[in-house]
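First up is the structure itself, then whatever we jot down about it.
Each ligand, and each atom within it, is numbered from 1 in the order the structure gives. We count residues from 1, following the sequence as given.
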Amino acid sequence: MYSLLLKNGRLVDPASGVDEKLDIAIEGTSIACTARDMDPGQARETLDMEGEILVPGIIDSHVHLTGRLGGHEGFYMLARAGVTTAVDFAGPVTEIRDCFSKEACGLNIASLEAIIPCDNLTSENPSSSELEGVVLKSLEDGGLGIKIMGGHYPLTPEATMRSVEVSNRYKAYIAIHAGTTRKGSDLEGALEAVEIIGTYSAHLAHINSYCRGTIRPALEEVLELLGQLRGRKNIVSGSYLAMVNGTSGKCIEGRPESLITRRCLEMGGYDQTTPGLEKAILSGFAGVSTRKGKANVLLYGEEARQVWLEDDNVPVSFPVNSPEAILLCAISKRDDNSFIVPSFVSDGGAIARNCIVERGLMLVKMQYMSLADFILKTSVNPARMLGLTGKGSLSPGKDADITALDLEACSASMAIARGKVIMKDKEVLGTGGTMLITEKASPRLKGDAFQRINLSESLLFSKSSS
Ligand SMILES: [Zn+2]
């Protein structure tokens, strides 16, 4: 007896080359089989998926879920957006570990530890042995590795290089937000990051965000960066589809703490000071994130100013991304037909821009990419990047992580994670969650709520190309 039977949906699974009307039978947390006209009597529960497209669960490999940027509302927001697996890109890993079993809405969750000078690093130029300690602590706490915050909280180029080397040595995931004490979070910073990574492996975060046209026209910037990444499959990456970014509204000593926030103010023609940010919020250039119901929304104008005055340690968003960069990062391919930027990410979660399904499907509707390409960028490739060998496909034996898409409405109508319906018709039903941890995590992290993954299987370290 199967636990769940999905009938009459169109199953699209590029990993196995399937695109046809097939029923999917789920047993527990895995896909048992796919076949035509299965008997509902074989399952304890049957759902009619007529008119829906069933794809491998959406994996958003760059989100924010902690008090560091957004908050725990992000779990609910991701489940509602049709996501089944997400990677928190800042930590603290211990915050994710301590909250996910109560708050993850049924999602599979992984986390990276941000490394920040004067927070968990003694300086912007930490030694290899200090970095080794931080990497191993992240793994032990249940993280997949580390994230360099670059443009926000930069390290020296030398320390950035040491972080890459140490992470590769321990096969820990390493994500880099471009920018060091020498270069900014822009094209120059991104080119510097490519050079620093060299022949090591790393994830360069949100490629489109370094091509905002601050040095040269945005189109030239994105063409140059994509040209650099074209021959470098050792660098995995993502790009997002929202026009707004997400940064911090926190101010100290009369100005925003984050260099990115200051850069955004400069781009909008505002002073890079606390009053400058206040003016940008009042005029509607900066949106302020605040909780409404179970989700965060972006507020503008006077209402936003009041929220920010009460507590400035909230995410703020500026419409600074370039449409040219967004589109070219989304669709550009190599000669072998692989995407230069292998994944769509939202960089959302608790920041209100979880739009990879909505906007990705718009690109499909406009015929800028095929539905199979959309699935490659939202599930197949992220699964490979993270070494999630059970995900990214709907073949028998794979994890029962499934997203139902309504192509007409450009939205997700249902999400199933580990065999359980976690969202249906925008109602979030999932409870509990699963944290994806590595073999190096503390043995105390055990039980059904944890799944150990092997990062040697990750594209970063397996050297097999996408
Ligand atoms: Zn981010």
For the Zn ion (ligand 1), check which protein N, O or S atoms are under 2.8 Å away and list them.
His62 NE2, His64 NE2, Asp347 OD1
Does the plane of the ring in Tyr270 sit parallel, tilted or perpendicular to the ring in Phe285? Use 30° and 60° as the thresholds.
parallel
Taking His152 as the fixed residue, which of Ser248, Ser185, Ser258 is the one that meets the side chain to side chain donor-acceptor pair (under 3.5 Å) rule?
Ser258
Take Asp88 and His64 through the test side chain to side chain donor-acceptor pair (under 3.5 Å) and record every step on the way to the result.
CA-CA 5 Å; Asp88 167 79; His64 294 281; 4.8 Å; no
Should Glu158 and Arg162 count as an ion pair when the cut-off is N to O under 4.0 Å?
no
Taking the cut-offs as 6.0 angstrom to the six-membered ring centre and 45 degrees off its axis, would you call Arg334 and Phe339 a cation-pi pair?
no
Counting C-beta onward and ignoring hydrogens, is there a side-chain heavy-atom pair between Asn245 and Arg212 closer than 4.5 Å?
yes
